[in-house]
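Here is the structure we will look at.
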Amino acid sequence: MRVLILGGTEFLGRHLVDAALQRGHEVTLFNRGQSNPDLFPNVEKLKGNRDGNLHALHGRTWDAAIDTSGYIPRIVRDSVNLLKDAVEHYTFISSISVYADFSQTGMDENGVVETLHDKSNENISEHYGALKALCEQEVTQEFRGRALIVRPGLIVGPFDPTNRFTYWVRRFYQGGSILVPEPRHAKIQFIDARDLANWTIRSVEKHLTGIFNATGPDYELTMGHMVEMLGRFHHSSAEVVWVSEEFLLQEDVREFEELPLWISEKTNWPGFMTIDVKKATDNGLSFRSLEDSILDTLHWELTRQPGLQSTRPQSAGHAGMQREREEQLLHKFFSKS
């Protein structure tokens with residue numbers, strides 16, 4: 001199968017390329033050539049820009065296209081208009097962020113999606129979910145009956161640029177007193193990028209169509225269980241300090257940013273970590289063990305940060321809490337206990 005990947009050199013994209021190559025497919029990448037340009041030296045690379053420079057795609061055909069880099073409806077529209085007669089099957093990587101109401105739990109693919117009243121607004125940081133929903137519409141309108149829409153939750157694993165899962169893996173490796181948010185029974189969901197990539201490629205092979213939530217795992221994972229697993233495979237000096245939500249909110253700790261995977265029960269978002277993925281698992285989505293995701297993420301982190309030490313602070317500009325901030329909060333928490 002000849003597969004065109006729009007993007008393909010960062011995080012999920014590179015795992016998609018790996019999965020496609022492992023299954024014997026011929027891959028072409030189309031991107032700006034700015035991120036990791038030396039990756040995949042034996043793969044055909046077409047250079048361009050989705051926003052106004054698609055010339056390298058003209059006159060070419062593929063069996064399938066996978067869009068990992070679509071965020072603006074106008075730009076996605078240009079791509080699908082050009083490719084609708086050039087590829088048989090189009091996969092769009094969307095997000096569960098398209099859903100409008102996370103106050104309900106166990107939401108499946110029929111959940112109402114966000115809308116954008118001003119469709120000229122292209123501010124991704126403010127309207128990420130609504131813009132992704134509009135991108136989905138652009139794809140399904142042009143590829144009727146030939147489109148696969150994948151809505152992942154939080155994607156984790158090696159090469160993750162967001163640091164949202166890596167923060168916890170690194171922090172437990174460093175050891176010491178670790179601030180962890182209550183409650184222990186809080187449900188969490190994420191999917192290893194390699195599981196998502198493998199399932200996506202297999203789905204493209206089957207010409208699977210429709211909309212699929214894609215997060216995991218296929219059992220009820222809690223913050224307490226994840227912390228137990230992190231402690232099992234990491235630094236022996238790690239001491240978990242469970243801190244109440246009341247204290248965290250009083251101290252203006254930012255949910256999902258300073259403490260990744262934490263969403264306060266006082267927030268009207270209980271459904272964000274309880275997405276129904278039965279449709280995808282019924283169609284072949286499977287998950288590696290949490291242990292594998294933790295250990296492989298740690299191995300990658302140590303490879304890129306060989307000098308990782310217990311005193312190393314959290315990098316600014318990434319998800320996770322600065323060590324100085326964590327120490328201050330723990331001191332304050334203990335003084336109130």
Side-chain angles (χ1 to χ4, degrees), residues 95-107 111 113-114 123-132 151-157 160-172 174 177-191 213 215-217 220-230 240-275 290 293-294 297 313-334 336:
S95 169
I96 62 168
S97 294
V98 298
Y99 293 117
D101 181 13
F102 286 104
S103 64
Q104 56 181 313
T105 59
M107 188 157 41
V113 300
E114 282 200 82
N123 188 320
I124 298 173
S125 62
E126 290 185 7
H127 303 291
Y128 176 76
L131 289 170
K132 275 288 193 180
R151 293 174 175 169
L154 177 65
I155 306 174
V156 307
D160 175 12
T162 70
N163 198 47
R164 288 177 292 192
F165 181 71
T166 311
Y167 168 77
W168 291 112
V169 174
R170 178 197 305 118
R171 188 63 194 86
F172 271 78
Q174 293 170 331
S177 297
I178 305 171
L179 188 155
V180 178
E182 289 275 12
R184 305 181 192 206
H185 64 259
K187 297 179 181 65
I188 58 177
Q189 285 183 312
F190 48 77
I191 185 169
N213 293 331
T215 187
E220 187 175 283
L221 177 62
T222 64
M223 181 68 77
H225 179 63
M226 184 187 75
V227 166
E228 178 186 349
M229 292 293 288
L230 286 165
V240 175
V241 181
W242 290 95
V243 176
S244 68
E245 288 197 340
E246 288 74 16
F247 176 82
L248 296 173
L249 294 173
Q250 288 172 5
E251 298 299 323
D252 297 320
V253 175
R254 299 189 304 278
E255 301 167 74
F256 227 74
E257 294 182 30
E258 284 189 290
L259 288 179
L261 296 173
W262 171 55
I263 296 177
S264 168
E265 290 189 327
K266 299 182 182 301
T267 303
N268 195 30
W269 276 41
F272 191 73
M273 291 287 195
T274 62
I275 295 295
L290 177 56
S293 292
I294 291 171
T297 301
Q314 169 64 25
S315 300
H318 294 85
M321 185 173 289
Q322 296 285 321
R323 289 296 295 275
E324 183 179 3
R325 162 87 155 148
E326 180 186 32
E327 290 168 1
Q328 291 172 348
L329 288 171
L330 286 172
H331 178 75
K332 197 167 187 177
F333 179 71
F334 286 133
K336 289 185 174 182

Say whether, by atom type as modelled, one donor and one acceptor occur between the side chain of [X] and the main chain of [Y] under 3.5 angstrom.
X    : Y    : value
T274 : G106 : yes
T267 : W269 : no
N163 : A319 : yes

Plane angle bin for F272 and F256 - parallel if under 30°, tilted between 30 and 60°, otherwise perpendicular:
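F256 and F272: perpendicular rings.
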
With W262, which of E255, E245, E257 fulfils side-chain hydrogen bond (donor to acceptor under 3.5 Å, both in side chains)?
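Passing option: E245.
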
With a 4.5 Å cut-off on side-chain heavy atoms, are [Y] and [X] touching?
X    : Y    : answer
V113 : R151 : yes
T297 : D160 : no
K332 : F247 : yes
V240 : F172 : yes
M226 : M229 : no
N213 : Y99  : yes
W168 : L259 : yes
I96  : M107 : no

Passes side-chain contact (heavy atoms from CB on, under 4.5 Å), M223 versus M273? Steps please.
CA-CA 11 Å; M223 181 68 77; M273 291 287 195; over 6 Å; no

Taking atom [atom1] of [X] as the centre, does the number of heavy atoms from other residues, nucleotides or ligands within less than 6.0 Å exceed 12?
X    : atom1 : answer
K266 : NZ    : no
E220 : CD    : no
H185 : NE2   : yes

Using side-chain contact (heavy atoms from CB on, under 4.5 Å), reason through F102 and I275 one step at a time and then give a plain yes or no.
CA-CA 9 Å; F102 286 104; I275 295 295; 4.1 Å; yes

Which distance, rounded to the nearest 0.5 Å, do you find between the [atom1] of [X] and the [atom2] of [Y]?
X    : Y    : atom1 : atom2 : value
T215 : Q189 : OG1   : CD    : 4.5 Å
Q328 : L179 : CD    : CG    : 12.0 Å
E327 : Q322 : CD    : CD    : 11.0 Å
S177 : F333 : OG    : CZ    : 11.5 Å
T162 : L154 : OG1   : CG    : 6.0 Å
R254 : S264 : CZ    : OG    : 15.5 Å

Evaluate the criterion side-chain contact (heavy atoms from CB on, under 4.5 Å) for residue pair L261 and Y167; output intermediate values, then yes/no.
CA-CA 10 Å; L261 296 173; Y167 168 77; over 6 Å; no

Closest approach of [X] to [Y] (non-hydrogen atoms, all atoms of both residues):
X    : Y    : value
H225 : L221 : CD2-CD1, 3.2 Å
P183 : E265 : CG-OE2, 3.6 Å
P181 : W242 : O-CZ3, 3.2 Å
G216 : I191 : N-CB, 4.3 Å

Please step through side-chain contact (heavy atoms from CB on, under 4.5 Å) for the pair E326 and E258, ending with a clear verdict.
CA-CA 9 Å; E326 180 186 32; E258 284 189 290; over 6 Å; no

